[in-house]
Amino acid sequence: KVNHLRLGESIFLGCETLQRQPIEGLYPDALTLIAEVIESKIKPSVPSGEICQDAFGTKPVFHNRGAIHHAILGIGRQDVLVSGLIPLTNEVLILGSSSDHIIVESRRGRLRIGEELRFHLNYGALLAAMTSPYVKKVFLQ
């Protein structure tokens, strides 16, 4: 008999949880995370100096692609599961993150400070964003 039914991911993200296939009549794009660009520069794709562990105990790996359009978003790991974010455009690539920032590369040119980037979320990212007191939630009709 069924004594525990988990439907949150299906209801909020519009897909079944085994094969991640859309459920007819539900909306896989009902939720969007919007993050603001707080810094935008052309920078080398590989930082100078010795590369050490980050605050989370991992050592980032960088690939030399020359100068890139680099931007910092005003949201980070304390707010959302960054690995669960999917940019709504293929012109943005997530490069890394810290506690309170996400670093992205723009393939369409320099992003403007104040510009908003949009992301779909997987269930882990949705859970973190919805429980973070630092993420403003806006419900639209």
Side-chain angles (χ1 to χ4, degrees), residues 2-141:
V2 176
N3 61 10
H4 186 85
L5 189 59
R6 297 188 55 172
L7 297 173
E9 184 171 4
S10 298
I11 291 169
F12 290 116
L13 300 178
C15 67
E16 54 86 14
T17 59
L18 296 177
Q19 304 298 323
R20 304 286 189 247
Q21 297 299 311
I23 298 173
E24 187 177 338
L26 297 183
Y27 298 91
D29 59 350
L31 297 163
T32 302
L33 178 81
I34 301 172
E36 182 179 0
V37 174
I38 61 171
E39 180 181 299
S40 182
K41 296 180 178 181
I42 297 174
K43 296 181 82 171
S45 55
V46 178
S48 61
E50 184 180 352
I51 298 171
C52 299
Q53 287 185 11
D54 61 20
F56 302 96
T58 59
K59 186 175 179 180
V61 176
F62 299 94
H63 302 285
N64 192 349
R65 297 186 327 274
I68 61 170
H69 295 278
H70 182 275
I72 298 176
L73 308 181
I75 190 168
R77 289 190 191 187
Q78 71 182 4
D79 310 305
V80 68
L81 178 65
V82 176
S83 63
L85 297 178
I86 304 113
L88 289 185
T89 173
N90 60 3
E91 296 173 336
V92 172
L93 174 67
I94 296 174
L95 299 176
S97 60
S98 66
S99 301
D100 50 357
H101 298 109
I102 296 175
I103 298 92
V104 298
E105 175 185 350
S106 170
R107 297 176 178 159
R108 67 174 162 94
R110 192 167 177 177
L111 300 172
R112 293 180 330 275
I113 294 174
E115 186 172 345
E116 295 176 338
L117 297 183
R118 297 171 184 272
F119 300 87
H120 281 303
L121 305 91
N122 72 11
Y123 189 71
L126 174 63
L127 174 66
M130 292 301 282
T131 58
S132 173
Y134 306 109
V135 175
K136 180 179 178 183
K137 289 82 172 171
V138 178
F139 300 92
L140 305 176
Q141 296 293 336

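The first residue of the sequence shown is numbered 1, and numbering continues consecutively from there. Only a predicted model underlies this, so the values are computations on that prediction, with no experimental measurement involved.
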Distance check, rounded to the nearest 0.5 Å: [X] atom [atom1] versus [Y] atom [atom2]?
{"X": "Leu126", "Y": "Glu9", "atom1": "CG", "atom2": "CD", "result": "9.0 Å"}
{"X": "Leu73", "Y": "Glu36", "atom1": "CG", "atom2": "CD", "result": "9.5 Å"}
{"X": "His120", "Y": "Leu85", "atom1": "NE2", "atom2": "CG", "result": "11.5 Å"}
{"X": "Leu93", "Y": "Ile103", "atom1": "CG", "atom2": "CD1", "result": "11.5 Å"}
{"X": "Arg77", "Y": "Asp100", "atom1": "CZ", "atom2": "CG", "result": "11.5 Å"}
{"X": "Ile102", "Y": "Phe119", "atom1": "CD1", "atom2": "CZ", "result": "6.0 Å"}

Minimum heavy-atom separation for [X] to [Y], with atom names?
{"X": "Asp79", "Y": "Tyr134", "result": "OD1-CB, 3.3 Å"}
{"X": "Ala71", "Y": "Val37", "result": "CB-CG1, 4.1 Å"}
{"X": "Pro60", "Y": "Cys52", "result": "CD-O, 3.6 Å"}
{"X": "Leu121", "Y": "Leu33", "result": "CD1-N, 3.6 Å"}
{"X": "Ala35", "Y": "Ile75", "result": "CB-CG2, 3.7 Å"}
{"X": "Gly84", "Y": "Ala125", "result": "O-CB, 3.6 Å"}

Within a radius of less than 6.0 Å around [atom1] of [X], do more than 12 heavy atoms belonging to other residues, nucleotides or ligands occur?
{"X": "Lys59", "atom1": "NZ", "answer": "no"}
{"X": "Arg20", "atom1": "CZ", "answer": "yes"}
{"X": "Tyr27", "atom1": "OH", "answer": "no"}

I'd like to check [X] versus [Y] (side-chain heavy atoms, cut-off strictly below 4.5 Å). Are they in contact?
{"X": "Leu31", "Y": "Met130", "result": "no"}
{"X": "Ser10", "Y": "Ile23", "result": "yes"}
{"X": "Ser99", "Y": "Phe56", "result": "yes"}

[X] side-chain N/O to [Y] backbone N/O, donor-acceptor pair under 3.5 Å:
{"X": "Ser106", "Y": "Leu111", "answer": "no"}
{"X": "Arg110", "Y": "Ser40", "answer": "yes"}
{"X": "Glu16", "Y": "Gln19", "answer": "yes"}
{"X": "Thr131", "Y": "Leu127", "answer": "yes"}
{"X": "Ser45", "Y": "His63", "answer": "yes"}

Notebook entry, point to check: How far apart are the C-alpha atoms of Ile38 and Ile113, what are their side-chain angles, what is the distance that settles it, and do they pass the side chain to side chain contact (heavy atoms under 4.5 Å, CB included) test?
Noted result: CA-CA 5 Å; Ile38 61 171; Ile113 294 174; 5.7 Å; no

Fill in: Cationic N near anionic O, under 4.0 Å, Arg108 to Glu115
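Looking at Arg108 and Glu115, the cut-off is met.
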
**Request:** Check the pair Ile11 / Leu26 against side chain to side chain contact (heavy atoms under 4.5 Å, CB included), numbers first and verdict last.
**Result:** CA-CA 7 Å; Ile11 291 169; Leu26 297 183; 5.8 Å; no

